[in-house]
Amino acid sequence: MHNGFHIGRIFGIDIRIDRSWILVFLLVVWSLAMVFGGPHPEWSTGLRWSTAIIAAILFFASVLAHELAHSLVARAQGINIHGITLFLFGGVSNIERDPDSPRGEFVMAIVGPITSFVLGGLFIWLAALSAGPLREIVADPTAAIARLHALSMLLMWLGSINVLLGFFNLIPGFPLDGGRVLRATLWAATGNLLRATRWASWSGQGVAWVMIVTGIAMVFGMHIPFLGRGLVSGLWLAFIGWFLNGASVQSYRQVVMQDALQAVPVARMMRSRPPTVPSQVSVASLVQENVMATGHRAFPVLDEGRLVGLVTLEDVRAVSRDTWDNTTVREIMTPFGDLVVATPEEEAAEAMKKLMGRDVAQLPVLSDGKLAGLLYRGDIVKWLQLHSELQVG
(Lines give C-alpha, C1' and ligand atoms only; values in the text may rest on other atoms or scores of the structure.)
Protein backbone atom coordinates (compact mmCIF):
# COMPACT_ATOMS: atom_id res chain seq x y z
CA MET A 1 0.00 0.00 0.00
CA HIS A 2 1.20 3.51 -0.83
CA ASN A 3 1.09 5.98 2.04
CA GLY A 4 0.73 9.69 1.50
CA PHE A 5 -0.56 11.76 -1.35
CA HIS A 6 -0.01 11.88 -5.07
CA ILE A 7 0.79 15.48 -6.10
CA GLY A 8 1.55 15.15 -9.80
CA ARG A 9 3.92 13.88 -12.49
CA ILE A 10 7.21 15.30 -13.75
CA PHE A 11 8.80 13.84 -16.90
CA GLY A 12 6.21 11.07 -16.62
CA ILE A 13 7.35 10.15 -13.08
CA ASP A 14 4.77 10.05 -10.28
CA ILE A 15 5.56 12.34 -7.36
CA ARG A 16 4.16 11.52 -3.92
CA ILE A 17 4.36 13.08 -0.47
CA ASP A 18 4.52 10.70 2.49
CA ARG A 19 2.53 11.65 5.58
CA SER A 20 5.77 11.99 7.56
CA TRP A 21 6.83 14.79 5.20
CA ILE A 22 4.14 17.08 6.60
CA LEU A 23 5.74 16.92 10.05
CA VAL A 24 9.25 17.65 8.82
CA PHE A 25 7.97 20.46 6.56
CA LEU A 26 6.36 22.17 9.55
CA LEU A 27 9.53 21.71 11.61
CA VAL A 28 11.67 23.17 8.83
CA VAL A 29 9.36 26.19 8.48
CA TRP A 30 9.38 26.79 12.24
CA SER A 31 13.18 26.49 12.54
CA LEU A 32 13.76 28.75 9.51
CA ALA A 33 11.47 31.41 10.95
CA MET A 34 13.71 31.39 14.05
CA VAL A 35 16.91 31.36 11.96
CA PHE A 36 15.85 34.23 9.72
CA GLY A 37 14.54 36.26 12.63
CA GLY A 38 17.74 36.01 14.68
CA PRO A 39 19.96 38.38 12.67
CA HIS A 40 16.93 40.40 11.51
CA PRO A 41 14.84 41.42 14.55
CA GLU A 42 13.45 44.28 12.47
CA TRP A 43 11.63 41.87 10.15
CA SER A 44 7.90 41.67 10.71
CA THR A 45 6.31 38.38 11.78
CA GLY A 46 4.68 38.04 8.38
CA LEU A 47 7.98 38.56 6.54
CA ARG A 48 9.82 36.00 8.69
CA TRP A 49 7.20 33.30 8.30
CA SER A 50 6.52 33.88 4.61
CA THR A 51 10.26 33.77 3.86
CA ALA A 52 10.54 30.56 5.90
CA ILE A 53 7.63 28.94 4.03
CA ILE A 54 9.06 29.86 0.62
CA ALA A 55 12.52 28.64 1.65
CA ALA A 56 11.11 25.31 2.87
CA ILE A 57 9.17 24.79 -0.36
CA LEU A 58 12.24 25.56 -2.48
CA PHE A 59 14.38 23.29 -0.31
CA PHE A 60 12.09 20.34 -0.92
CA ALA A 61 11.94 21.28 -4.59
CA SER A 62 15.75 20.97 -4.53
CA VAL A 63 15.46 17.54 -2.90
CA LEU A 64 13.00 16.57 -5.63
CA ALA A 65 15.45 17.77 -8.30
CA HIS A 66 18.15 15.62 -6.68
CA GLU A 67 15.90 12.54 -6.86
CA LEU A 68 14.73 13.37 -10.38
CA ALA A 69 18.36 13.34 -11.51
CA HIS A 70 18.73 9.78 -10.17
CA SER A 71 15.48 8.70 -11.78
CA LEU A 72 16.17 10.19 -15.20
CA VAL A 73 19.60 8.59 -15.38
CA ALA A 74 18.11 5.26 -14.31
CA ARG A 75 15.40 5.53 -16.96
CA ALA A 76 18.05 6.33 -19.57
CA GLN A 77 19.61 2.96 -18.64
CA GLY A 78 16.32 1.17 -19.29
CA ILE A 79 15.32 0.86 -15.61
CA ASN A 80 11.66 1.42 -14.75
CA ILE A 81 10.84 4.16 -12.24
CA HIS A 82 7.78 3.60 -10.08
CA GLY A 83 7.86 7.13 -8.66
CA ILE A 84 9.50 9.51 -6.21
CA THR A 85 8.35 10.00 -2.62
CA LEU A 86 9.23 12.93 -0.36
CA PHE A 87 9.28 11.75 3.25
CA LEU A 88 10.73 12.40 6.69
CA PHE A 89 14.41 12.22 5.68
CA GLY A 90 14.15 13.94 2.31
CA GLY A 91 13.27 11.90 -0.75
CA VAL A 92 13.61 8.48 -2.34
CA SER A 93 13.35 7.25 -5.92
CA ASN A 94 11.44 3.99 -6.26
CA ILE A 95 13.70 2.35 -8.84
CA GLU A 96 12.74 -1.13 -10.03
CA ARG A 97 16.21 -2.65 -10.00
CA ASP A 98 19.92 -1.92 -9.68
CA PRO A 99 21.94 -0.95 -12.76
CA ASP A 100 23.53 -3.71 -14.80
CA SER A 101 27.13 -2.50 -14.45
CA PRO A 102 29.43 -0.67 -12.03
CA ARG A 103 29.60 2.25 -14.44
CA GLY A 104 25.81 2.51 -14.54
CA GLU A 105 25.66 2.40 -10.73
CA PHE A 106 28.36 5.08 -10.41
CA VAL A 107 26.72 7.49 -12.86
CA MET A 108 23.27 7.03 -11.34
CA ALA A 109 24.62 7.62 -7.82
CA ILE A 110 26.92 10.57 -8.48
CA VAL A 111 24.41 12.61 -10.50
CA GLY A 112 22.38 13.33 -7.35
CA PRO A 113 25.13 15.11 -5.37
CA ILE A 114 26.26 16.87 -8.56
CA THR A 115 22.73 18.24 -8.97
CA SER A 116 22.77 19.49 -5.37
CA PHE A 117 26.17 21.17 -5.85
CA VAL A 118 25.01 22.85 -9.07
CA LEU A 119 21.85 24.13 -7.38
CA GLY A 120 23.87 25.28 -4.37
CA GLY A 121 26.32 27.16 -6.55
CA LEU A 122 23.49 28.77 -8.53
CA PHE A 123 21.66 29.96 -5.41
CA ILE A 124 24.87 31.33 -3.83
CA TRP A 125 25.72 33.16 -7.09
CA LEU A 126 22.24 34.70 -7.20
CA ALA A 127 22.56 35.67 -3.52
CA ALA A 128 25.90 37.35 -4.22
CA LEU A 129 24.40 39.28 -7.12
CA SER A 130 21.65 40.62 -4.90
CA ALA A 131 23.74 41.12 -1.74
CA GLY A 132 27.06 42.38 -3.03
CA PRO A 133 30.50 40.80 -3.53
CA LEU A 134 30.86 37.34 -2.00
CA ARG A 135 34.26 38.27 -0.51
CA GLU A 136 32.56 40.78 1.80
CA ILE A 137 30.28 38.06 3.10
CA VAL A 138 33.23 35.71 3.68
CA ALA A 139 35.28 38.44 5.38
CA ASP A 140 32.61 39.29 7.96
CA PRO A 141 29.73 36.77 7.77
CA THR A 142 27.82 38.08 10.82
CA ALA A 143 27.74 41.69 9.66
CA ALA A 144 27.04 40.69 6.07
CA ILE A 145 24.12 38.43 7.03
CA ALA A 146 22.63 41.25 9.15
CA ARG A 147 22.62 43.46 6.03
CA LEU A 148 20.92 40.90 3.79
CA HIS A 149 17.38 41.57 2.69
CA ALA A 150 14.82 38.76 2.58
CA LEU A 151 15.53 37.58 -0.97
CA SER A 152 19.30 37.45 -0.47
CA MET A 153 18.90 35.68 2.87
CA LEU A 154 16.63 33.09 1.31
CA LEU A 155 18.99 32.47 -1.62
CA MET A 156 22.07 32.26 0.60
CA TRP A 157 20.38 29.69 2.85
CA LEU A 158 19.22 27.63 -0.14
CA GLY A 159 22.72 27.67 -1.60
CA SER A 160 24.32 26.58 1.66
CA ILE A 161 21.79 23.82 2.38
CA ASN A 162 22.10 22.36 -1.12
CA VAL A 163 25.89 22.23 -0.82
CA LEU A 164 25.52 20.52 2.57
CA LEU A 165 22.99 18.12 1.06
CA GLY A 166 25.47 17.22 -1.67
CA PHE A 167 28.27 16.56 0.83
CA PHE A 168 25.99 14.59 3.17
CA ASN A 169 24.92 12.29 0.34
CA LEU A 170 28.57 11.65 -0.52
CA ILE A 171 29.18 10.06 2.89
CA PRO A 172 30.32 6.50 2.05
CA GLY A 173 27.41 4.87 3.85
CA PHE A 174 25.25 2.56 1.74
CA PRO A 175 22.50 3.21 0.61
CA LEU A 176 23.42 6.91 0.53
CA ASP A 177 24.77 8.11 -2.81
CA GLY A 178 28.32 7.99 -1.49
CA GLY A 179 27.75 4.40 -0.39
CA ARG A 180 26.52 3.54 -3.88
CA VAL A 181 29.60 5.18 -5.38
CA LEU A 182 31.67 3.03 -3.01
CA ARG A 183 29.73 -0.08 -4.06
CA ALA A 184 30.25 0.74 -7.74
CA THR A 185 33.99 1.08 -7.12
CA LEU A 186 34.16 -2.20 -5.19
CA TRP A 187 31.98 -3.90 -7.80
CA ALA A 188 34.32 -2.80 -10.58
CA ALA A 189 37.36 -3.97 -8.57
CA THR A 190 35.98 -7.39 -7.54
CA GLY A 191 33.51 -8.16 -10.30
CA ASN A 192 31.13 -9.39 -7.58
CA LEU A 193 28.01 -7.32 -6.83
CA LEU A 194 27.05 -9.32 -3.73
CA ARG A 195 30.48 -8.93 -2.14
CA ALA A 196 30.62 -5.24 -3.04
CA THR A 197 27.18 -4.70 -1.52
CA ARG A 198 28.19 -6.51 1.68
CA TRP A 199 31.28 -4.32 2.13
CA ALA A 200 29.36 -1.13 1.28
CA SER A 201 26.64 -2.18 3.74
CA TRP A 202 29.24 -2.64 6.48
CA SER A 203 30.50 0.84 5.70
CA GLY A 204 26.96 2.19 5.93
CA GLN A 205 26.38 0.51 9.27
CA GLY A 206 29.67 1.90 10.58
CA VAL A 207 28.75 5.44 9.53
CA ALA A 208 25.30 4.97 11.06
CA TRP A 209 26.71 3.94 14.43
CA VAL A 210 29.09 6.90 14.42
CA MET A 211 26.05 9.14 13.91
CA ILE A 212 24.13 7.43 16.70
CA VAL A 213 26.99 7.67 19.20
CA THR A 214 27.76 11.27 18.21
CA GLY A 215 24.11 12.23 18.54
CA ILE A 216 23.89 10.69 22.01
CA ALA A 217 27.06 12.53 23.02
CA MET A 218 25.51 15.82 21.86
CA VAL A 219 22.40 15.11 23.92
CA PHE A 220 24.60 14.81 27.03
CA GLY A 221 26.29 18.13 26.34
CA MET A 222 29.40 17.26 24.34
CA HIS A 223 30.28 19.94 21.78
CA ILE A 224 30.95 18.42 18.35
CA PRO A 225 32.77 20.60 15.77
CA PHE A 226 30.37 21.86 13.04
CA LEU A 227 27.44 20.15 14.81
CA GLY A 228 27.40 21.80 18.21
CA ARG A 229 25.49 20.29 21.14
CA GLY A 230 21.92 20.03 22.35
CA LEU A 231 18.98 17.69 22.84
CA VAL A 232 17.15 18.34 19.56
CA SER A 233 20.22 18.29 17.29
CA GLY A 234 21.63 15.21 19.04
CA LEU A 235 18.40 13.24 18.87
CA TRP A 236 17.92 14.17 15.21
CA LEU A 237 21.44 13.00 14.31
CA ALA A 238 20.98 9.75 16.26
CA PHE A 239 17.62 9.19 14.58
CA ILE A 240 19.17 9.66 11.13
CA GLY A 241 21.90 7.18 12.08
CA TRP A 242 19.31 4.66 13.25
CA PHE A 243 17.40 5.03 9.99
CA LEU A 244 20.59 4.70 7.90
CA ASN A 245 21.59 1.55 9.78
CA GLY A 246 18.23 -0.08 9.08
CA ALA A 247 18.26 0.99 5.43
CA SER A 248 21.78 -0.36 4.97
CA VAL A 249 20.89 -3.76 6.42
CA GLN A 250 17.65 -3.96 4.41
CA SER A 251 19.36 -2.98 1.15
CA TYR A 252 21.91 -5.74 1.58
CA ARG A 253 19.17 -8.27 2.31
CA GLN A 254 17.41 -7.30 -0.91
CA VAL A 255 20.56 -7.92 -2.93
CA VAL A 256 21.06 -11.28 -1.18
CA MET A 257 17.47 -12.18 -2.01
CA GLN A 258 17.92 -11.24 -5.66
CA ASP A 259 21.11 -13.29 -5.83
CA ALA A 260 19.45 -16.34 -4.25
CA LEU A 261 16.52 -16.17 -6.68
CA GLN A 262 18.61 -15.83 -9.82
CA ALA A 263 18.22 -18.74 -12.24
CA VAL A 264 15.41 -20.24 -10.11
CA PRO A 265 12.30 -20.67 -12.31
CA VAL A 266 8.86 -19.64 -11.12
CA ALA A 267 7.70 -23.21 -11.81
CA ARG A 268 9.68 -24.41 -8.75
CA MET A 269 7.75 -22.13 -6.40
CA MET A 270 4.29 -21.67 -7.87
CA ARG A 271 1.22 -23.58 -6.72
CA SER A 272 -0.08 -25.63 -9.64
CA ARG A 273 -3.80 -26.05 -10.28
CA PRO A 274 -5.01 -23.47 -7.74
CA PRO A 275 -8.76 -23.35 -6.97
CA THR A 276 -10.61 -21.11 -9.42
CA VAL A 277 -14.04 -19.49 -9.61
CA PRO A 278 -16.30 -18.36 -12.49
CA SER A 279 -16.97 -14.65 -12.86
CA GLN A 280 -20.77 -14.90 -12.44
CA VAL A 281 -20.75 -16.59 -9.02
CA SER A 282 -21.97 -14.40 -6.16
CA VAL A 283 -19.65 -13.05 -3.49
CA ALA A 284 -21.65 -15.01 -0.91
CA SER A 285 -20.96 -18.27 -2.76
CA LEU A 286 -17.31 -17.32 -3.16
CA VAL A 287 -16.95 -16.90 0.59
CA GLN A 288 -18.94 -19.98 1.60
CA GLU A 289 -17.81 -22.47 -1.04
CA ASN A 290 -14.27 -21.30 -1.71
CA VAL A 291 -12.77 -19.08 0.99
CA MET A 292 -14.22 -21.03 3.91
CA ALA A 293 -13.80 -24.43 2.29
CA THR A 294 -10.21 -24.07 1.06
CA GLY A 295 -8.65 -21.40 3.27
CA HIS A 296 -7.22 -19.67 0.20
CA ARG A 297 -7.17 -15.88 0.03
CA ALA A 298 -6.91 -15.43 -3.76
CA PHE A 299 -8.73 -17.12 -6.65
CA PRO A 300 -8.10 -16.85 -10.39
CA VAL A 301 -11.37 -16.10 -12.19
CA LEU A 302 -11.92 -18.31 -15.25
CA ASP A 303 -14.60 -18.15 -17.92
CA GLU A 304 -14.56 -21.09 -20.35
CA GLY A 305 -11.02 -21.90 -19.28
CA ARG A 306 -9.75 -18.36 -19.95
CA LEU A 307 -8.30 -16.20 -17.18
CA VAL A 308 -10.43 -13.04 -16.91
CA GLY A 309 -9.33 -11.73 -13.53
CA LEU A 310 -8.28 -12.37 -9.95
CA VAL A 311 -10.40 -11.99 -6.82
CA THR A 312 -8.92 -11.79 -3.34
CA LEU A 313 -10.15 -11.68 0.23
CA GLU A 314 -9.29 -7.97 0.27
CA ASP A 315 -11.74 -7.45 -2.62
CA VAL A 316 -14.43 -9.22 -0.62
CA ARG A 317 -13.80 -7.07 2.44
CA ALA A 318 -14.33 -3.94 0.35
CA VAL A 319 -17.95 -4.97 -0.29
CA SER A 320 -20.74 -4.54 2.24
CA ARG A 321 -21.83 -7.90 3.63
CA ASP A 322 -25.47 -7.00 2.94
CA THR A 323 -24.78 -6.98 -0.81
CA TRP A 324 -22.88 -10.28 -1.06
CA ASP A 325 -25.87 -12.21 -2.46
CA ASN A 326 -26.47 -9.69 -5.24
CA THR A 327 -22.87 -8.91 -6.15
CA THR A 328 -20.90 -11.09 -8.57
CA VAL A 329 -17.22 -11.87 -8.57
CA ARG A 330 -16.87 -10.02 -11.90
CA GLU A 331 -17.94 -6.79 -10.18
CA ILE A 332 -15.23 -6.89 -7.52
CA MET A 333 -12.33 -8.77 -9.18
CA THR A 334 -9.21 -7.22 -10.63
CA PRO A 335 -9.71 -7.66 -14.40
CA PHE A 336 -7.09 -9.43 -16.47
CA GLY A 337 -5.95 -6.21 -18.14
CA ASP A 338 -4.89 -4.80 -14.76
CA LEU A 339 -3.04 -7.91 -13.61
CA VAL A 340 0.69 -8.49 -13.62
CA VAL A 341 1.47 -12.08 -14.58
CA ALA A 342 4.48 -14.38 -14.66
CA THR A 343 5.46 -17.44 -16.70
CA PRO A 344 6.74 -20.80 -15.41
CA GLU A 345 10.13 -20.24 -17.09
CA GLU A 346 10.58 -16.73 -15.70
CA GLU A 347 13.22 -16.20 -12.99
CA ALA A 348 11.76 -15.96 -9.51
CA ALA A 349 13.85 -12.81 -8.98
CA GLU A 350 11.95 -11.03 -11.76
CA ALA A 351 8.63 -12.28 -10.41
CA MET A 352 9.52 -10.99 -6.94
CA LYS A 353 10.22 -7.55 -8.42
CA LYS A 354 6.74 -7.59 -9.93
CA LEU A 355 5.20 -8.57 -6.61
CA MET A 356 7.03 -5.83 -4.75
CA GLY A 357 6.52 -3.24 -7.49
CA ARG A 358 2.74 -3.69 -7.46
CA ASP A 359 2.60 -4.46 -3.72
CA VAL A 360 0.52 -7.59 -4.24
CA ALA A 361 0.64 -10.95 -2.49
CA GLN A 362 0.33 -13.23 -5.53
CA LEU A 363 0.81 -13.40 -9.30
CA PRO A 364 -1.08 -15.59 -11.78
CA VAL A 365 1.31 -17.77 -13.78
CA LEU A 366 0.41 -18.26 -17.44
CA SER A 367 1.76 -20.79 -19.91
CA ASP A 368 0.72 -20.40 -23.57
CA GLY A 369 -2.03 -18.06 -22.43
CA LYS A 370 -3.52 -20.57 -20.00
CA LEU A 371 -3.43 -20.54 -16.20
CA ALA A 372 -0.59 -22.72 -14.92
CA GLY A 373 -0.60 -21.71 -11.27
CA LEU A 374 -0.32 -18.97 -8.66
CA LEU A 375 2.92 -17.60 -7.25
CA TYR A 376 2.64 -16.29 -3.69
CA ARG A 377 5.05 -13.82 -2.15
CA GLY A 378 4.88 -15.82 1.10
CA ASP A 379 6.03 -18.98 -0.70
CA ILE A 380 9.07 -17.13 -2.07
CA VAL A 381 9.90 -15.93 1.44
CA LYS A 382 9.60 -19.49 2.78
CA TRP A 383 11.85 -20.76 -0.03
CA LEU A 384 14.45 -18.11 0.83
CA GLN A 385 14.33 -19.06 4.51
CA LEU A 386 14.76 -22.75 3.68
CA HIS A 387 17.56 -21.95 1.23
CA SER A 388 19.33 -19.92 3.92
CA GLU A 389 18.96 -22.65 6.54
CA LEU A 390 20.28 -25.32 4.18
CA GLN A 391 23.33 -23.16 3.38
CA VAL A 392 24.03 -22.64 7.07
CA GLY A 393 23.52 -26.35 7.77
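Here the structure is a predicted model, which means the values were calculated and not measured. Numbers for residues simply follow the sequence, beginning at 1. The basis for the numbers below is simple: all heavy atoms, side chains too, and nothing from hydrogens, waters or symmetry mates.
V287 belongs to a hydrophobic cluster with V277, V281, V283, L286, V291, M292, F299, V301, V308, V311, L313, V316, V319, W324, V329, I332, M333, counting contacts under 4.5 Å between side-chain heavy atoms of Ile, Leu, Val, Met, Phe, Trp and Tyr, direct or through other members. Using a 4.5 Å cut-off between side-chain heavy atoms of Ile, Leu, Val, Met, Phe, Trp and Tyr, V210 forms no hydrophobic cluster with any other residue.
Under the 6.0 Å distance and 45° angle rule, R271 counts as a cation-pi partner of Y376.
The list of ring pair (Phe, Tyr, Trp, His ring centres under 6.0 Å) pairs with a residue in residues 98-130, not counting sequence neighbours, reads F117-F167. Applying the salt bridge (Lys or Arg N to Asp or Glu O under 4.0 Å) rule to pairs touching residues 176-187 yields D98-R180, D98-R183, E105-R180, E105-R183, sequence neighbours excluded. Sorted by first and then second residue, the pairs that involve residues 160-172 and meet side chain to side chain donor-acceptor pair (under 3.5 Å), not counting sequence neighbours, are S62-N162.
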Kindly determine whether T115 and H66 satisfy side-chain hydrogen bond (donor to acceptor under 3.5 Å, both in side chains), including the steps that lead there.
CA-CA 6 Å; T115 300; H66 179 113; over 6 Å; no

Evaluation steps, side-chain hydrogen bond (donor to acceptor under 3.5 Å, both in side chains), between T323 and N326
CA-CA 5 Å; T323 65; N326 301 317; over 6 Å; no

Using the rule given for side-chain hydrogen bond (donor to acceptor under 3.5 Å, both in side chains), can you reason through S251 versus S248, listing the C-alpha separation, both sets of side-chain angles and the distance that settles it, and then say yes or no?
CA-CA 5 Å; S251 296; S248 183; over 6 Å; no

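Using cut-offs of 30° and 60° on the angle between ring planes, the pair F239 and W242 is parallel. Ring geometry, F60 versus W21: the interplanar angle exceeds 60°, so the pair is classed perpendicular (tilted spans 30 to 60°).
Residues satisfying the ring-ring contact (aromatic ring centres under 6.0 Å, His included) criterion with Y252, sequence neighbours excluded, are absent altogether.
Smallest separation of non-hydrogen atoms from A208 and G241: CB-O, 3.1 Å. In terms of heavy atoms, V29 sits closest to A56 at CG2-CB, 3.6 Å.
The side-chain contact (heavy atoms from CB on, under 4.5 Å) test with P175 is passed by exactly one of L244, V92, T197: L244.
With D303 contributing its side chain and R306 its backbone, the two residues share no donor-acceptor pair below 3.5 Å. Judged by distance alone, the side chain of K370 and the main-chain N or O of G305 form no donor-acceptor pair under 3.5 Å.
Taking the six-membered ring for Trp and the full ring otherwise, the centers of F174 and W199 sit at least 6.0 Å from each other.
Salt bridge K354/E346: present, at least one basic N to carboxylate O contact under 4.0 Å.
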